[in-house]
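Presented below is the structure to which this report refers.
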There are 2 protein chains.
Amino acid sequence: MELDKITDSSTASRRRYDDACGTAHALDLVGERWALLVIRELMLGPKRFSDIRADLPGISANVLTQRLEGLEASGIVVRRRLPPPASTQVYELTDWGYEAEPIIQELGRWAARSPAHDPSLQLSGTSLMLSFRTMFDAARAQAMNGTAGFRIGNETLVARVADGRLEAGRGDTAQADVVFTGPAPAVAAFVYGGVPLAALEAEAGLAVTGDRGFAARFAGLFNLPAKAVVPAADA
Amino acid sequence: MELDKITDSSTASRRRYDDACGTAHALDLVGERWALLVIRELMLGPKRFSDIRADLPGISANVLTQRLEGLEASGIVVRRRLPPPASTQVYELTDWGYEAEPIIQELGRWAARSPAHDPSLQLSGTSLMLSFRTMFDAARAQAMNGTAGFRIGNETLVARVADGRLEAGRGDTAQADVVFTGPAPAVAAFVYGGVPLAALEAEAGLAVTGDRGFAARFAGLFNLPAKAVVPAADA
DNA sequence: CGGCATCCGGGAAGATACTG
DNA sequence: CAGTATCTTCCCGGATGCCG
């Protein structure tokens, strides 16, 4: 039928918040399901379609396509073709897209206090690095220098501490003082959960090489906020 | 049929991100449509069902019911019955719920740079106060004291500047140095858009009483971030 | 195989009407 | 005023298939 024309020409897209508030507009841009997690996965640099998908367990290909199209149309993501040798396509955040990191950090910081948070689920290498950036306590890192390396799935990542600051992102683990190889949740259990390395090596498939003393001091730089106390739900 | 049992007992709720990342868990909590805007409307204090609904243009009653139920189950919102005289029911954020304000602020700060942002749409009084909190520039307020009052719809709000700090929330406009009466977007056009008061009084239904010099200095305390420069979408 | 387009089933959101 | 009931519409998720 030609009824579709009617909805087209009517006041506006019905699935949008017609609200001048910046928060509402942000939700117009990144409020759809998966959108912010796609941005999260691009936060450390460009990625291919399949790599994004591999790190977002549960997203289907068509939804990822739709999200990337939408984010590109909004000016948050650009699609680039790599130079001839590796002629594949990658997606990358625009400068403005990278500026969304504080949103991701505040969401994570707040949700870490949720009584329902389960830290044992799947975790991507990117998420781990971003959690380090979020939970880093600069005051504890004053007199500390060194680099931790991570081999998680196919990617290699580094977190470098120097001058009381932290740089966490992709990088070569060759120069690292300590290198963790294994699943990201195991690393998180060590850093945030205080689980001993020995236990994780025995049961969680984690391998650690290098300076284990530095590993312990590195873990001491981060801590999760306390759980929120919440009134009992009396249904 | 009894097929529903199968989906019930399967791995988990299908509509959730099974991801240990705090950001993903936050989206499990407040990622559904309207959820964050409901929280925003409660950010200045308890509200009744109908008042929330009135300030969220477009939300339907059943969706608001579902969101409030979900937020209550998550420990973000509590339902309270007011003391006998006014025996109505209100919804209020828990302490942890109030801690979500930085999320709302970062979303707003980021989206204000969006090329597609349209500040002429509907705006609630609550949104206006929260935008003041977000965009306040403490450095410019050093030697300034005073209170601006706002009468927007049914509610009265105040923004008080003192000691280089801003307090914006509900309050009595009786002591204010200047009082704005009219639609919130008109106030926003004055504060953020630099539109002259005379024009807004003539055309936007705004009424201003009191110290107009203070009004001008008050407006100077806030400014929107510059628009992001974004690559042209070459479809 | 990577990057989509297409079709389908289930479920969430939107609009309206109705009830205590 | 504070929701509930119902119906429609649209989005999400999964499977399949095309195309370079």
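Every chain is numbered from 1, with letters handed out A, B, ... down the list of sequences.
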What is the distance from [atom1] of [X] to [atom2] of [N], rounded to the nearest Å?
X	N	atom1	atom2	answer
Asp51(A)	dG3(C)	CG	C1'	13 Å
Glu32(B)	dC11(D)	CD	P	17 Å
Leu27(B)	dC12(D)	CG	C1'	15 Å
Arg53(A)	dG3(C)	CZ	P	11 Å
Asp18(B)	dG13(D)	CG	C1'	14 Å
Glu69(A)	dT6(C)	CD	P	11 Å
Phe49(B)	dG20(C)	CZ	P	17 Å
Ile59(B)	dA13(C)	CD1	P	10 Å

Distance-only, no hydrogens or angles: does the Arg160(B) side chain make a donor-acceptor pair with backbone N or O of Ala168(B) under 3.5 Å?
no
With no angle test and no hydrogens, is the base of dT6(D) tied to the side chain of Asn62(B) by a donor-acceptor pair under 3.5 Å?
yes
Hey, are Asp19(A) and Arg40(B) close enough for a salt bridge, meaning a charged N less than 4.0 Å from a carboxylate O?
yes
Does the distance from a Lys or Arg side-chain N to an Asp or Glu carboxylate O, for Glu92(B) and Lys47(B), drop under 4.0 Å?
no
If you compare every side-chain N and O of [X] against the phosphate oxygens of [N] (OP1, OP2), does one of them come in below 4.0 Å?
X	N	result
Gln89(B)	dG3(D)	yes
Arg33(B)	dG14(C)	yes
Trp34(A)	dG13(D)	yes
Tyr17(A)	dG14(C)	no
Gln66(B)	dA13(C)	yes

At under 4.0 Å between heavy atoms, what does Ser50(A) touch on the DNA or RNA strands: base, sugar-phosphate, or nothing?
sugar-phosphate
At 4.0 Å (heavy atoms only), tell me whether Arg79(A) reaches a base, stays on the sugar-phosphate, or touches nothing.
sugar-phosphate
Where does the angle between the aromatic ring planes of Phe222(A) and Tyr192(A) fall among parallel (under 30°), tilted (30 to 60°) and perpendicular (over 60°)?
perpendicular
Considering only dG3(C), dG11(C), dC4(C), which nucleotide approaches the side chain of Arg48(A) most closely?
dG3(C)
Short side-chain donor-acceptor distance under 3.5 Å, Thr173(A) and Arg151(A):
yes
